[in-house]
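In what follows, a single structure is set out as structure tokens and then discussed.
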Amino acid sequence: MRYWLMKSEPDEFSIDDLERAPGRTAAWFGVRNYQARNFMRDAMHLGDLAFFYHSGCAQPGIAGICRVARGAYPDATQFDAASLYFDPQATLERPRWLNVDVQLVRRTPWVSLVELRRHPELADMRLLARGNRLSITPVEPAQWDFITRRLMGLD
DNA sequence: GCCAACGTTGGC
DNA sequence: GCCAACGTTGGC
């Protein structure tokens with residue numbers, strides 16, 4: 001099993017939205033970056049755990065934990081001409097973009113970006129790399145344990 | 001609103 | 001294949 005960090009702008013889709021979704025499960029749609037898509041396609045598996053990270057807001061940071069509830073499948077919004085995420089080059093036969101489904105496991109004590117940066121144990125987190133903009137990044141098991149145990153106080 | 005950093009596009 | 005121009009991300 002692998003660990004991930006998935007960014008979402010709370011104005012677009014927040015942890016509250018996921019909590020309110022049927023079965024606390026929703027499609028992680030709208031990823032339009034090949035590297036992030038390939039992570040979903042090639043490396044994400046059912047049951048993987050991910051931090052739900054709020055970006056592009058006043059208080060960027062981790063707000064909860066979710067689980068991959070369905071492996072990668074075509075993102076419906078690429079076919080929807082009315083969607084912000086419409087891609088005229090995508091076809092049903094040859095979809096370009098994928099998404100997974102995620103289910104909320106739990107809200108967690110909030111861990112800010114500033115807090116994450118304070119800890120040398122997390123210095124190698126992909127999220128914190130200079131210039132990183134990837135919306136889906138891997139998290140090492142040791143980093144996951146440090147954040148969940150030491151910073152969130154979870155078992 | 002600013003701007004650094006990155007990804008994509010398209011002319012050549 | 002190169003690379004300049006442009007668009008986007010996302011923290012501040």
Side-chain angles (χ1 to χ4, degrees), chain A residues 2-21 26-44 48-68 71-140 142-144 146-148 150-153:
Chain A
R2 298 196 195 204
Y3 298 104
W4 304 94
L5 182 142
M6 301 172 78
K7 293 182 194 171
S8 184
E9 299 188 20
D11 286 352
E12 290 291 318
F13 188 78
S14 70
I15 195 159
D16 296 323
D17 296 321
L18 183 57
E19 189 164 41
R20 284 191 293 260
W28 198 265
F29 63 92
V31 171
R32 293 295 181 269
N33 169 282
Y34 289 105
Q35 230 181 320
R37 181 202 67 180
N38 295 347
F39 277 141
M40 290 194 285
R41 185 189 63 192
D42 304 331
M44 265 193 174
D48 282 2
L49 294 176
F51 290 127
F52 191 124
Y53 178 93
H54 282 167
S55 67
C57 56
Q59 308 274 322
I62 299 170
I65 292 173
C66 52
R67 177 190 298 112
V68 176
Y73 63 100
D75 178 337
T77 61
Q78 72 193 302
F79 308 122
D80 176 3
S83 169
L84 273 176
Y85 301 106
F86 178 62
D87 183 342
Q89 311 230 50
T91 64
L92 287 169
E93 295 72 26
R94 299 198 62 178
R96 178 180 291 191
W97 304 110
L98 305 173
N99 58 215
V100 297
D101 285 355
V102 297
Q103 179 177 38
L104 183 65
V105 172
R106 59 165 297 165
R107 292 170 165 280
T108 61
W110 180 65
V111 179
S112 71
L113 176 61
V114 170
E115 176 72 15
L116 292 171
R117 287 199 188 283
R118 284 186 54 226
H119 299 280
E121 293 88 342
L122 303 177
D124 293 335
M125 274 189 87
R126 190 79 172 267
L127 171 76
L128 307 181
R130 175 186 174 83
N132 170 65
R133 298 187 320 186
L134 266 185
S135 63
I136 298 177
T137 50
V139 174
E140 297 305 316
Q143 298 164 348
W144 181 276
F146 184 84
I147 293 168
T148 54
R150 298 281 304 281
L151 303 187
M152 294 174 173

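In what follows, chains carry the letters A, B, and so on, assigned in the order in which the sequence lines appear, proteins first and then strands, with residues in each chain numbered from 1. Since this is a predicted model, take the numbers as computed values, not measurements.
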Length of the [atom1]-[atom2] vector between [X] and [N], whole Å:
X        : N      : atom1 : atom2 : answer
A:Arg96  : B:dT9  : CZ    : C1'   : 12 Å
A:Leu128 : C:dG10 : CG    : P     : 13 Å
A:Asn33  : B:dC6  : CG    : C1'   : 10 Å
A:Arg133 : C:dT8  : CZ    : P     : 11 Å
A:Tyr34  : B:dT9  : OH    : P     : 6 Å
A:Arg37  : B:dG7  : CZ    : C1'   : 14 Å
A:Arg126 : B:dC6  : CZ    : P     : 11 Å
A:Glu12  : C:dT8  : CD    : P     : 13 Å

Among [options], the nucleotide that comes nearest once only the side chain of [X] is considered:
X        : options               : result
A:Pro60  : C:dG11, C:dT8, B:dT8  : C:dG11
A:Glu9   : B:dC6, C:dG10, C:dG11 : C:dG10
A:Leu113 : B:dT8, C:dT8, C:dC12  : C:dC12

Got more than 12 heavy atoms from elsewhere within 6.0 Å of CZ, A:Arg41?
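Counting neighbours around CZ of A:Arg41, more than 12 heavy atoms of other residues, nucleotides or ligands fall under 6.0 Å, so yes.
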Does C:dG10 have OP1 or OP2 under 4.0 Å away from a side-chain N or O of A:Lys7?
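Yes, within the criterion.
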Please confirm whether the shortest side-chain N or O distance from A:Tyr53 to OP1 or OP2 of C:dG11 is below 4.0 Å.
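The answer is yes; a side-chain N or O of A:Tyr53 sits under 4.0 Å from OP1 or OP2.
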A:Arg32 with A:Asp75: basic N within carboxylate O range, under 4.0 Å
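Result for this pair is yes, salt bridge flagged.
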Heavy-atom donor-acceptor pair, A:Ser8 side chain to A:Pro10 backbone, under 3.5 Å
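Looks like no, no N/O pair under 3.5 Å.
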Parallel, tilted or perpendicular: which fits the ring planes of A:Phe52 and A:Trp28, with parallel below 30° and perpendicular above 60°?
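If you compare the ring of A:Phe52 with that of A:Trp28, the planes turn out perpendicular.
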Between A:Phe13 and A:Phe29, what is the ring plane arrangement, given parallel below 30°, perpendicular above 60°, and tilted in between?
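Because their plane-to-plane angle is over 60°, the rings of A:Phe13 and A:Phe29 count as perpendicular.
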Looking at A:Arg32 and C:dT8, is any side-chain donor or acceptor paired with a base atom of the opposite kind under 3.5 Å?
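A donor-acceptor contact between them is absent.
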